[in-house]
Protein chains: 4
Amino acid sequence: MTGMDLETKPKTRAGRPRSAESRRAILQAALLILQTTGYRTLTIEGVAAKAGVSKQTIYRWWPSAGYIVLEALTSDPQQQPMPDTGSLYDDLLELIRPMVRALAQRRGPVMKALIAEAQADARFAETLRTTFMQQHRDILINIVGRAQMRGEIGFDADPEITADLVYGPMLYRLLNGHGELDDLFARNLTASAMRLLKGTPAVTRLRAEAAE
Amino acid sequence: MTGMDLETKPKTRAGRPRSAESRRAILQAALLILQTTGYRTLTIEGVAAKAGVSKQTIYRWWPSAGYIVLEALTSDPQQQPMPDTGSLYDDLLELIRPMVRALAQRRGPVMKALIAEAQADARFAETLRTTFMQQHRDILINIVGRAQMRGEIGFDADPEITADLVYGPMLYRLLNGHGELDDLFARNLTASAMRLLKGTPAVTRLRAEAAE
Amino acid sequence: MTGMDLETKPKTRAGRPRSAESRRAILQAALLILQTTGYRTLTIEGVAAKAGVSKQTIYRWWPSAGYIVLEALTSDPQQQPMPDTGSLYDDLLELIRPMVRALAQRRGPVMKALIAEAQADARFAETLRTTFMQQHRDILINIVGRAQMRGEIGFDADPEITADLVYGPMLYRLLNGHGELDDLFARNLTASAMRLLKGTPAVTRLRAEAAE
Amino acid sequence: MTGMDLETKPKTRAGRPRSAESRRAILQAALLILQTTGYRTLTIEGVAAKAGVSKQTIYRWWPSAGYIVLEALTSDPQQQPMPDTGSLYDDLLELIRPMVRALAQRRGPVMKALIAEAQADARFAETLRTTFMQQHRDILINIVGRAQMRGEIGFDADPEITADLVYGPMLYRLLNGHGELDDLFARNLTASAMRLLKGTPAVTRLRAEAAE
DNA sequence: CATTAACCGAGACGGTACGTCCCGTCTTAAG
DNA sequence: CTTAAGACGGGACGTACCGTCTCGGTTAATG
């Protein structure tokens with residue numbers, strides 16, 4: 001404090017600090033409800049009761065149930081690993097296959113619910129998109145980038161379009177339920193992605209075409 | 001499906017017949033609410049009030065709000081046309097481009113809402129999948145089939161996978177909002193579909209691989 | 001019903017009729033709570049729960065808890081009797097003494113609560129005043145009127161002022177608690193009322209004085 | 001009250017002393033809320049916010065909102081004066097008339113609220129009774145006492161009963177609202193009190209009667 | 001051509017959850 | 001040791017809709 005007390009510090013506000021214990025209890029209660037009776041039965045009142053917490057405490061920190069679930073999921077320690085085998089195909093398969101498997105099992109219902117929630121709440125949609133969804137896109141984009149560095153594929157391949165073509169069908173099957181989310185599907189997705197990444201001239205041509 | 005789907009004569013029972021006027025008023029009220037304040041605010045009570053109809057009348061004919069909306073949309077006269085230009089690429093583009101445009105405009109919000117609704121209601125999900133969604137898949141599958149007939153592409157191309165790769169990314173962008181639903185995106189989708197359909201050996205190989 | 005169907009009838013509206021059973025259960029539950037744990041613990045939620053009724057049903061028919069209690073009390077069969085002994089003093093004493101006794105016992109807390117409620121709710125205040133309170137004033141006014149008819153007291157006595165001087169001190173002791181609500185007090189009240197009613201010229205003189 | 005109310009030196013303990021500034025701000029905020037939006041909307045949180053004070057500070061010094069209001073009112077400089085005209089009638093009228101006028105105007109709502117509050121809080125009721133209420137009773141009792149000293153009325157008149165008969169109807173009209181709180185009413189009260197004080201034998205006789 | 005069964009509007013019902021308000025208590029940092 | 005700030009568990013509020021249940025009244029095919 002030698003003069004110059006510019007408030008660059010995070011402004012250690014007065015007042016009782018947020019209870020880490022309550023936060024933990026809330027997230028855990030939400031996860032428990034999610035796993036036992038599903039998202040449909042997850043209510044703020046239910047979470048509050050199970051966590052031994054007042055509703056107000058929940059509303060103070062989360063705008064709606066979706067945010068709680070999202071935070072519970074993303075603060076979950078088991079993160080999606082970043083595959084790095086040295087081979088584009090293997091990297092993709094190691095990314096896509098476990099993801100498809102997870103969606104076919106316990107992650108499916110939660111994912112459905114979160115996406116459904118996002119359709120009616122623009123703010124939550126943005127949060128979901130920029131955190132959870134983007135994390136997964138980033139992994140794939142990183143894989144493609146490394147393959148370009150290695151010279152395995154050309155620099156004209158568009159990682160964004162590739163991400164659409166991998167995650168799009170995955171979500172489509174999850175949400176519409178017209179086909180299985182199995183290993184065959186995972187391999188097909190991988191193969192399709194490979195094919196589109198290997199022969200890339202078409203994409204660049206399209207961009208030029210659009211610029212007309 | 002060899003004709004005779006009259007399920008043993010529905011036995012036109014006595015009593016007052018269903019009011020066509022009420023049905024019309026209900027569907028119209030639902031559409032009006034959808035267009036003005038959105039699906040979130042669409043409640044059975046609201047529709048009943050706006051249509052000047054009792055709640056019971058609605059519950060007698062529709063299981064939930066989603067079904068009303070679905071019927072309101074599918075009874076809408078403007079149907080998706082079946083493109084038939086003689087060229088696979090042009091057929092695909094004429095299918096995909098208007099669809100993307102529609103989703104980018106007024107169809108988007110309703111589509112989001114229907115899909116969201118389906119995630120919490122398995123029965124509605126099936127209805128949505130087997131009617132609305134399947135209609136669109138069928139058009140694409142038909143286009144691919146005709147191209148195979150013409151010899152433009154081989155018979156080993158998998159129309160189902162193609163449908164996934166076209167509609168998946170479209171829904172993904174609609175629901176996640178990470179990218180534009182514009183003409184460039186439509187052309188990219190079309191180009192990707194073409195590439196995957198033209199060089200097809202990989203897919204068949206994968207099927208064999210899975211059979212091991 | 002010989003022609004002439006003028007709608008003097010209470011307009012038998014459509015829709016499910018009000019449930020007499022629910023009404024009864026609500027009033028009974030309110031009384032029970034009142035007698036066991038007191039007005040302070042009487043909440044709409046509590047009444048609804050104890051009556052096996054939804055909150056909405058209560059709110060549909062009563063604006064607040066006070067109205068329920070008021071109705072429960074006034075629909076109670078045990079009414080205040082109208083004394084008629086032929087003597088003004090005895091009539092007054094038979095009116096005042098049991099009333100004071102009741103206030104000193106179980107009626108006291110409820111009365112306090114209703115009056116307290118009325119101070120914060122003008123609409124309820126009017127209801128309380130024009131029903132419960134006025135009923136009691138009317139009995140006293142009637143007693144005084146009959147004494148005037150008998151010639152026991154003059155016609156210049158003001159029954160309204162008398163009512164103030166009888167009920168005022170009673171409520172004052174109830175609400176302020178500075179003195180006992182016992183038989184001595186009842187007799188003092190009665191004697192005071194008698195004295196004021198017997199020698200009445202002063203009151204008329206005051207009225208003339210005010211008219212100046 | 002013979003001076004020396006220093007209760008054995010309060011042992012001026014260490015630590016930050018009570019903030020007179022906060023006390024003033026709290027009382028003022030309470031008064032402001034009372035005058036603008038009424039007692040119903042007066043909450044501890046509201047007072048704290050308006051006074052720029054923490055809730056804890058309020059709770060440290062006042063048990064509930066009622067006490068704050070009571071202190072705010074009694075610390076108000078304008079005290080009820082003690083009339084001393086040498087005439088019992090004039091003393092009474094000069095006491096009663098301004099009091100009735102005050103209740104008819106700005107004092108009414110606050111008084112209602114304080115009495116209402118007292119009905120649900122025995123501790124506050126006692127405080128209200130032994131301070132504010134008793135002060136007013138004492139003035140009247142003092143007036144009557146002086147008249148007895150002067151020989152204007154006999155010593156068998158009961159000042160306590162008289163206080164009941166004056167303040168009772170006043171409160172009754174205030175709380176029940178069945179009649180005006182105007183000058184005519186004030187004069188009637190005064191006249192009634194005079195009549196009861198002048199001819200007193202009845203009261204003593206009653207006491208004897210009760211002792212049987 | 002009367003019966004009668006199914007329909008219709010209105011609207012009350014038991015219920016669940018919502019999001020808000022305020023309570024009285026507590027836990028910080030600052031003075 | 002007090003203060004401002006503000007988070008905490010808790011309780012009740014009044015509202016919105018849910019899906020069901022009576023009512024009084026239509027409306028057409030059937031007997």
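All values reported here derive from a predicted model rather than from experimental measurement. The sequence lines fix the lettering, A, B, ..., with proteins before strands; numbering per chain opens at 1.
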Original post:
Atom OH of B:Tyr59 and atom P of F:dC17: how far apart are they, to the nearest Å?
Top reply: 12 Å

Subject >> DNA chain E: 5'-proximal contact among A:Leu42 and D:Leu42 (nearest heavy atom) >> reply: A:Leu42

Original post:
Regarding A:Arg23 and the six-membered ring of A:Trp61, is the cationic atom NZ or CZ under 6.0 Å from the ring centre and inside 45° of its axis?
Top reply: no

**OP:** May I have the distance from B:Lys50 (atom NZ) to E:dG9 (atom P), rounded to whole angstrom?
**Re:** 17 Å

Original post:
Rounded to whole angstrom units, what separation is found between the CD1 atom of B:Ile58 and the P atom of F:dC21?
Top reply: 18 Å

Subject >> A:Ile68 CD1 - E:dA17 C1' separation (whole Å) >> reply: 14 Å

**OP:** Not counting sequence neighbours, which residues clear side chain to side chain contact (heavy atoms under 4.5 Å, CB included) with C:Ala25? List them please.
**Re:** C:Ala51

What nitrogen or oxygen pairs link the protein and nucleotides 5-8 of chain F at under 3.5 Å?
residue : atom : partner : partner atom : Å
F:dA5   : N3   : A:Gly15 : N            : 3.0
F:dA7   : O4'  : A:Arg16 : O            : 3.1
F:dC8   : OP1  : A:Ser19 : N            : 2.9
F:dC8   : OP2  : A:Arg60 : NE           : 3.2
F:dC8   : OP2  : A:Trp61 : NE1          : 2.8

Original post:
In whole Å, what is the span from the OH atom of D:Tyr39 to the P atom of E:dC22?
Top reply: 14 Å

**OP:** Return the value, rounded to whole Å, for the distance between atom OH of B:Tyr67 and atom C1' of F:dG19.
**Re:** 15 Å

**OP:** Identify, with sequence neighbours excluded, every residue that meets salt bridge (charged side-chain N to carboxylate O under 4.0 Å, His left out) alongside D:Glu126.
**Re:** none

Subject >> Chi angles and distances behind the side chain to side chain donor-acceptor pair (under 3.5 Å) call for D:Glu117, D:Tyr39 >> reply: CA-CA 10 Å; D:Glu117 177 92 348; D:Tyr39 190 88; 2.7 Å; yes

**OP:** Check the distance between F:dG11's P and C:Ile33's CD1 and give it to me in whole angstrom.
**Re:** 16 Å

**OP:** Verify the distance criterion only: is there a donor paired with an acceptor across the side chains of C:Arg60 and C:Gln56 at less than 3.5 Å?
**Re:** no

Subject >> Nearest-nucleotide comparison on DNA chain F, the residue closer to the 5′ end among B:Pro63 and C:Ser64 >> reply: C:Ser64

Original post:
Heavy atoms, side chains only, cut-off 4.5 Å: are D:Leu114 and D:Phe124 in contact?
Top reply: yes

Original post:
Quick one: C:Ile44 CD1 to F:dT15 C1', roughly how many Å, whole number?
Top reply: 14 Å

